[in-house]
Amino acid sequence: MASAASARTKSAPARAAAKSSGSAAAAPQFSKEQELSAYREMLLIRRFEEKAGQLYGMGLIGGFCHLYIGQEAVVTGMQMALNEGDQIITGYRDHGHMLACGMDPKGVMAELTGRRGGLSRGKGGSMHMFSKEKHFYGGHGIVGGQVSLGTGLAFANHYRNNGSASMIYFGDGAANQGQVYESFNMAELWKLPAIFIIENNRYAMGTAVSRSSAQQDFSRRGLSFNIPGEQVDGMDVRAVMAAGAKALDWARSGKGPYILEMQTYRYRGHSMSDPAKYRSKEEVQKMREEHDPIEQVRARILRAKFATEDDLKAIDAKVRAIVAEAAEFASNDPEPDVSELWTDITL
Amino acid sequence: MATNILMPALSPTMEQGKLSKWVKKEGDSIKSGDVIAEIETDKATMEVEAVDEGVLGKILVAEGTENVAVNTPIGVIVQDGESADAAPAPAPVAASAPISAAPAAAPISASFASVPAAAEVPAGTQMVMTTVREALRDAMAEEMRRDGDVFVMGEEVAEYQGAYKITQGLLQEFGARRVVDTPITEHGFAGLGVGAAMTGLRPIIEFMTFNFAMQAIDHIINSAAKTLYMSGGQMGCPIVFRGPNGAAARVGAQHSQDFAAWYSQIPGLKVVMPYTAADAKGLLKSAIRDPNPIIFLENEILYGQSFEVPKLDDYLVPIGKARVHRVGHHITLVSFGIGMTYCVKAAEELAKEGIEAEIIDLRTIRPMDTETVVRSIMKTGRCVAVEEGWPQSGVTAEIGMRIMEAAFDYLDAPVARVTGKDVPMPYAANLEKLALPTVADVIQAAKAVLYR
């Protein structure tokens with residue numbers, strides 16, 4: 001089982017830290033436990049995605065494969081702010097979200113390779129995995145589709161009055177789809193517990209935000225519906241968690257939706273076939289060197305002496321073992337039985 | 001000079017209405033724009049405003065009168081000092097009334113009574129004449145009483161009581177939590193409904209017409225129909241998308257499309273298209289309980305038509321089963337939804353010439369009950385398939401192919417089809433009539449197949 005489970009558990013000190021932050025500008029301090037948990041979680045996503053990229057290159061993964069490398073702090077920080085029962089839904093860049101939800105890395109990787117042990121039994125692929133148990137509702141390949149669907153998850157929480165909230169992730173590209181604003185309108189109209197998390201990684205495929213968006217401050221995209229929003233340093237897991245906790249307080253107290261613009265960056269291409277002509281190598285290099293979400297946590301852990309280099313190496317080795325096991329399973333697991341072609345069409 | 005006030009047509013499909021209230025009394029003076037009466041149509045209660053000025057000289061149709069035909073004189077406006085008697089005698093409903101081209105109501109033929117009772121109805125069950133509209137409403141109300149997870153959502157479903165009055169009274173019984181008026185936002189609320197269904201709620205999403213569902217078709221197909229498969233069977237989507245489909249009367253190309261063929265192509269969907277009120281009720285109840293996404297295609301012209309509905313506490317009609325609507329042995333007519341109206345009338349005409357047609361009402365387009373069709377063709381050897389939709393890749397094209405695959409050896413003639421014409425729906429009354437199938441088309445096709 002992934003170590004992701006630990007990130008789901010919100011400790012009391014974590015809550016206090018988040019609340020005392022005041023604004024998202026000054027990131028709150030994490031406890032030793034939180035720093036180490038965030039480090040482990042983000043590292044798992046990073047190593048998993050690196051391995052997925054490798055398997056793609058070997059021809060074991062086909063079709064589309066969108067890697068989350070660089071954006072790990074967003075979903076990791078948000079998961080630290082959630083309660084059990086809160087739902088998660090996202091688009092096609094979804095491996096990180098699934099791991100952060102605690103879904104089995106072996107099952108995720110085997111789905112990427114299209115094997116019978118995949119979480120969708122090999123019938124979904126990279127963009128389509130689900131887990132009712134982990135409250136993960138996909139994995140959607142139509143840009144922006146998850147925003148209306150996620151608003152429906154929030155509607156269901158509201159209908160059932162169950163106190164849960166829905167985390168609806170989408171990118172700066174999806175933020176220009178019409179249904180996003182249809183959803184904003186209904187979410188605010190009915191005060192639905194929806195957190196709209198815009199992962200602004202600066203490029204919608206190869207189109208820079210400045211070339212696609214009249215309003216580039218995505219936290220303001222809900223203004224005409226009276227939905228509050230804020231910009232968050234999405235490379236700092238502490239800032240993400242604090243902003244998430246604040247937004248969740250808002251939504252759970254019946255005040256309706258909240259928008260979080262997570263300012264982040266993807267190091268890899270949009271998909272595996274991205275020629276990366278639209279940005280410079282220097283730009284990518286600068287982000288990696290100065291803002292890497294994992295390196296930030298690592299430096300803080302060492303500075304605060306929460307762990308030694310050797311301790312971190314041990315964590316790294318453990319994470320690598322999980323990923324290696326997943327890759328091994330995904331490479332050797334058989335393809336789905338041919339009878340699977342005709343199952344799961346209707347119930 | 002005295003002027004007659006005529007019963008107005010207040011909706012595209014209105015043929016008659018109830019004069020529910022006179023706001024003015026005889027002797028009251030009337031100015032242009034004054035509300036003089038209230039009329040209840042098949043869709044809503046509307047105020048009627050005066051166009052002419054004068055005095056309400058005489059009321060010709062008392063308030064509370066039901067089934068007043070459009071264009072019937074209901075009152076007389078006279079000028080000061082003029083006698084109401086001076087008004088021309090009330091004319092019978094003019095044959096030239098502009099809506100006379102619309103299909104006549106209630107096509108229940110004598111042959112209907114001779115139809116073997118549906119398997120779902122126990123012998124001796126009391127039958128109650130019910131409109132399709134009431135049957136649909138009753139189905140939703142019964143299922144909402146039965147299951148708190150069922151809710152209905154759409155434009156004007158609550159306070160307005162439904163754009164076509166299908167949800168009439170539901171808000172009063174179930175409240176705003178379960179009868180949800182949406183903004184005009186089809187893409188958004190269809191997606192919202194699918195998301196809610198993924199958590200196990202059972203939404204009924206009403207589209208004011210399926211033409212507007214074009215805005216939402218991405219969620220219907222990409223999100224609702226495909227998720228079960230993409231999730232390896234984990235994530236179902238128990239949702240009903242319902243609303244009027246196909247041509248009403250004179251509403252133009254963008255409001256007249258029949259989507260039966262479109263949705264019927266999609267694995268993961270079930271597509272239901274009832275004709276009778278009993279099927280409308282029984283199939284909608286089954287659809288609401290079904291764990292899959294259901295496309296439930298209604299028809300505005302059928303809403304006001306009455307049929308016998310069995311009086312049962314819980315009347316369910318299985319999805320995916322066709323019904324023999326009329327028994328015959330010379331030829332098989334296959335149709336569904338409003339296409340059935342042409343077949344029923346054509347069969348009556350053919351019977352006068354000694355041709356006994358068997359009529360199969362598919363009721364469900366997907367999954368299609370080929371077996372019932374084939375069983376009939378094994379008896380008749382001849383078939384005409386009828387639909388209002390377009391011919392290319394239409395449902396009748398599918399029916400024809402299935403018959404060829406499964407019953408070629410039983411055919412004594414090629415299968416024929418009668419469809420809507422391959423054109424966008426025109427507005428002009430004469431052109432619209434030409435664009436739709438006719439009873440004569442069905443009779444002609446039947447005779448061609450019978451080599452007569």
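These numbers come from a predicted model, not from an experiment. When reading the values below, keep in mind they use all heavy atoms of this one structure, side chains included, and skip hydrogens, waters and symmetry mates. Order of the sequence lines sets the chain letters (A, B, ...), proteins ahead of strands, with each chain counted from 1.
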- Message: Go through it in stages, so that I can follow the logic: the residues are A:Ile345 and B:Leu228, the test is side chain to side chain contact (heavy atoms under 4.5 Å, CB included), and I'd like the CA-CA distance, side-chain angles, deciding distance and then a yes or no.
- Response: CA-CA 6 Å; A:Ile345 297 162; B:Leu228 183 70; over 6 Å; no
- Show the numbers, then the answer: is there a side chain to side chain contact (heavy atoms under 4.5 Å, CB included) between A:His128 and B:Tyr229? CA-CA 10 Å; A:His128 306 298; B:Tyr229 197 81; over 6 Å; no
- Heavy-atom donor-acceptor pair, A:Thr346 side chain to B:Asn292 backbone, under 3.5 Å: no
- Message: As an exercise: rank B:Met153, B:Lys270, B:Gln215 by heavy-atom pairs under 4.5 Å with chain A and give me the winner.
- Response: B:Met153
- Message: Testing A:His135, A:Arg160, A:Lys132 one by one against B:Thr199 for a side chain to side chain donor-acceptor pair (under 3.5 Å), which residue passes?
- Response: A:Arg160
- Among B:Gly233, B:Ser231, B:Cys237, single out the residue with the greatest number of heavy-atom pairs under 4.5 Å to chain A. B:Ser231
- Task: Select one option (side chain, backbone, both, neither) describing which atoms of A:Thr343 are under 4.5 Å from chain B's heavy atoms.
- Result: backbone
- Which atoms of B:Glu186 come close to chain A, meaning under 4.5 Å heavy atom to heavy atom: side chain ones, backbone ones, both, or neither? backbone
- Task: Let me know if B:Ser223 has heavy atoms under 4.5 Å from chain A in its side chain, its backbone, both or neither.
- Result: side chain
- Note on the structure: Smallest heavy-atom separation, B:Leu192 atom then A:Leu192 atom, equals CD1-CD1, 4.5 Å
- Contacting region of A:Leu341 [heavy-atom separation from chain B under 4.5 Å]: both
- Message: Please identify, among A:Pro336, A:Gly145, A:Ser183, the residue contributing the most non-hydrogen atom pairs under 4.5 Å to chain B.
- Response: A:Gly145
- Message: Under the criterion side chain to side chain contact (heavy atoms under 4.5 Å, CB included), I'd like the reasoning laid out for A:Met129 against B:Met230: C-alpha separation, chi angles, the key distance, then a yes or no.
- Response: CA-CA 7 Å; A:Met129 282 172 257; B:Met230 296 194 303; over 6 Å; no
- Message: Using every non-hydrogen atom in the two residues, find where B:Ala196 and A:Phe155 come nearest and quote the distance to one decimal.
- Response: CB-CD2, 4.3 Å
- Nearest heavy atoms of B:Val180 and A:Trp190, plus distance in Å: CG1-CZ2, 3.6 Å
- Task: Give a yes or no on this: more than 12 heavy atoms of other residues, nucleotides or ligands lie within 6.0 Å of atom CD of B:Gln254.
- Result: no
- Query: Which atoms of A:Phe184 come close to chain B, meaning under 4.5 Å heavy atom to heavy atom: side chain ones, backbone ones, both, or neither?
  - Reply: neither
- Task: Could you pull out the closest heavy-atom pair between B:Phe189 and A:Met186, with the gap in Å?
- Result: N-CE, 3.5 Å
- Task: Please determine, among B:Gly268, B:Ala197, B:Pro203, the option with the most heavy-atom pairs under 4.5 Å with chain A.
- Result: B:Gly268
- Task: Side-chain contact test, heavy atoms from C-beta onward, threshold under 4.5 Å: evaluate it for A:His140 versus B:Asn222 and give yes or no.
- Result: no
- Message: Looking at A:Gln215, I want to see if its CD is surrounded by more than 12 non-hydrogen atoms of other residues, nucleotides or ligands under 6.0 Å.
- Response: yes
- Task: Taking the side chain as every heavy atom from C-beta outward, state whether B:Thr185 and A:Asn185 have any pair of such atoms under 4.5 Å apart.
- Result: no
- Task: Verify, without hydrogens or angle tests, whether B:Gln234 (side chain) and A:Phe130 (backbone) share a donor-acceptor contact under 3.5 angstrom.
- Result: yes
- Just wondering, are more than 12 heavy atoms of other shown residues or ligands nearer than 6.0 Å to OH in B:Tyr160? no
- Message: If we define contacts as heavy-atom pairs under 4.5 Å, which of A:Leu189, A:Val147, A:Leu153 has the most with chain B?
- Response: A:Leu153
- Please look at B:His187 and chain A and tell me whether the side chain, the backbone, both or neither of the residue comes under 4.5 angstrom of a heavy atom of that chain. both
- Message: Using a 6.0 Å cut-off, check whether atom CD1 of B:Ile184 has over 12 heavy atoms from anything other than its own residue.
- Response: no
- Atom CE of B:Met235 and atom OH of A:Tyr137: how far apart are they, to the nearest 0.5 Å? 5.5 Å
- Just jot down the salt bridge (charged side-chain N to carboxylate O under 4.0 Å, His left out) partners of A:Glu111, sequence neighbours excluded, or say none. none
- Flag if over 12 foreign heavy atoms under 6.0 Å of CZ, A:Phe64: no
- Item | Options A:Glu182, A:Met127, A:Gln87, ranked by heavy-atom pairs under 4.5 Å with chain B, top entry | A:Glu182
- Task: Look at atom CD of B:Gln172 and say whether more than 12 heavy atoms of other residues, nucleotides or ligands are closer to it than 6.0 Å.
- Result: yes
- Is it the side chain or the backbone of A:Ile142 that comes within 4.5 Å of chain B heavy atoms, both, or neither? side chain
